Amino acid sequence: MPKVIAIDGPSGSGKSTTAKGVAQRLGLQYLDTGAMYRAVTRAYLDAGVDPSDTDGLIRATRAAEVEISTCPSDQWVRVNGRDVTAAIREPEVSAKVSAISTIPECRQNLVSRQRAIIEASDPGIVAEGRDITTVVAPDADVRILLTADPQVRMARRKAELGEKVDAVALADQVLRRDADDSKLVNFSTAADGVVNLDCTYLTLDETIDAVLSLARSANVC
Ligand code: DC
């Protein structure tokens, strides 16, 4: 049985950087489930499917062949044979990804692929996304909801995107996306058995240390 650390949380809470750091420290694999939603979004946009065409989006999701690296220090994503590692971070993808993440059939399809990756991981994996602790891996050894105040999350996302991002685009990427994504998934309150780790006043290293300490208590390391 692989060791599994599951981390949920809203945009800009630092899930990806924290999860990657924890995976590197523990010699575990790492799964960025958001990158899978983004890869499918890149595929439907490239295929010319309209974001309001629900049936088209479901078909595009089922047809999308997604390959994703689980190495925390070498992340890449391919969809239908094309490397989209950089393309999935484009603003157009961030703006249109909720079309996929708000359709239950698309979510089910991606959730089963994510479960398969987690089950095949060796010796284990740190998986992060919006619904990992509740839907994808509710039996994970460690389940954490990583939160931070909205102003701090906006500032962190801005630091990630650079000075060129304006306030409207930033609010769209953090607040509007969370509002859309929370229609189907609750990632603002910790479910039973999930530890709420508020990293508003923690540095990245302190956040990673807090996760490692929870992992030690659960005998993951
Ligand atoms: O974490 P991210 O910003 O790269 O995620 C991109 C989008 O994918 C986000 O708007 C919500 C969706 N997503 C999801 O619904 N469930 C997940 N487990 C991961 C991401």
Side-chain angles (χ1 to χ4, degrees), residues 4-21 23 30-45 51 57-58 60-61 64 66 68-70 72 75-77 79 84-118 125-138 140 143-148 150 153-154 156-161 165 169-188 190-191 194 199:
V4 181
I5 299 178
I7 305 181
D8 286 350
S11 300
S13 62
K15 295 187 297 293
S16 305
T17 327
T18 303
K20 246 184 271 180
Y30 161 70
L31 179 63
D32 174 358
T33 59
M36 297 175 74
Y37 285 84
R38 287 171 178 271
V40 169
T41 302
R42 193 64 267 165
Y44 91 70
L45 290 172
L57 293 176
I58 295 170
T61 302
V66 179
I68 185 162
S69 161
T70 57
Q75 283 286 291
W76 50 259
V77 193
V79 68
V84 291
T85 310
I88 61 167
R89 303 294 163 193
E90 285 164 7
E92 186 189 16
V93 172
S94 302
K96 303 277 170 65
V97 66
S98 297
I100 294 290
S101 63
T102 51
I103 297 176
E105 288 87 345
C106 297
R107 298 198 68 82
Q108 279 154 19
N109 181 279
L110 288 173
V111 165
S112 44
R113 299 187 203 201
Q114 291 157 8
R115 286 187 181 141
I117 294 172
I118 291 170
I125 197 158
V126 185
E128 56 100 350
R130 299 282 196 283
D131 58 350
I132 305 303
T133 68
T134 50
V135 178
V136 179
R143 295 156 75 212
I144 296 168
L145 175 70
L146 190 64
T147 56
R153 293 192 284 110
M154 302 251 285
R156 286 179 186 166
R157 189 46 63 98
K158 186 173 168 64
E160 229 173 76
L161 296 171
V165 66
L170 194 64
D172 181 74
Q173 286 219 21
V174 178
L175 306 180
R176 193 273 308 157
R177 222 147 47 90
D178 278 352
D180 276 359
D181 294 340
S182 62
K183 285 178 194 155
L184 288 187
V185 180
N186 177 5
F187 52 81
S188 47
V194 175
C199 65

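Only heavy atoms go into these numbers, but all of them, side chains included; no hydrogens, no water, no symmetry mates. Computed from a predicted structure; not experimentally measured. Numbering of ligands and ligand atoms starts at 1, following listing order.
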Could a heavy atom of Gln173 be found less than 4.0 Å from some atom of ligand 1?
no
Yes or no on side-chain contact (heavy atoms from CB on, under 4.5 Å) for Asp32 and Arg38, after CA distance, side-chain angles and deciding distance?
CA-CA 10 Å; Asp32 174 358; Arg38 287 171 178 271; over 6 Å; no
Which atoms of ligand 1 sit under 4.0 Å from any heavy atom of Ser101?
12 (C), 15 (O)
Does only the side chain of Arg130 get under 4.0 Å from ligand 1, or the backbone, or both, or neither? Count heavy atoms.
both
Please classify the Gln114 to ligand 1 contact at 4.0 Å (heavy-atom distances, strictly less than): side chain, backbone, both or neither.
neither
Do ligand 1 and Arg157 have nitrogen or oxygen atoms that lie under 3.5 Å from each other?
no
Before signing off on this row, confirm whether Arg38 and ligand 1 have an N or O atom pair separated by under 3.5 Å.
yes
So, applying side chain to side chain contact (heavy atoms under 4.5 Å, CB included) with Arg130, which one of Asp8, Asp178, Thr33 is it?
Asp178
For Ala148 and Arg156 the tightest heavy-atom approach is CB-NH1, 3.9 Å
Min N/O separation Asp32 to ligand 1 under 3.5 Å
no
Within 4.0 Å of some non-hydrogen atom of Thr33, the atoms of ligand 1 are 17 (C), 18 (N), 19 (C)
Where ligand 1 meets Asp131 - atom numbers and elements under 4.0 angstrom, heavy-atom basis:
16 (N), 17 (C), 18 (N)
Does ligand 1 come near enough to Arg177 that some N or O of the ligand is less than 3.5 Å from an N or O of the residue?
yes
Which of the listed options, Lys96, Arg107, Lys183, holds the heavy atom that is closest to atom 16 (N) of ligand 1?
Arg107
Numbered atoms of ligand 1 (with element) below 4.0 Å of Val97, judged on heavy atoms
7 (C), 8 (O), 10 (O)
Going by heavy atoms, is Val185 under 4.0 Å from ligand 1?
no
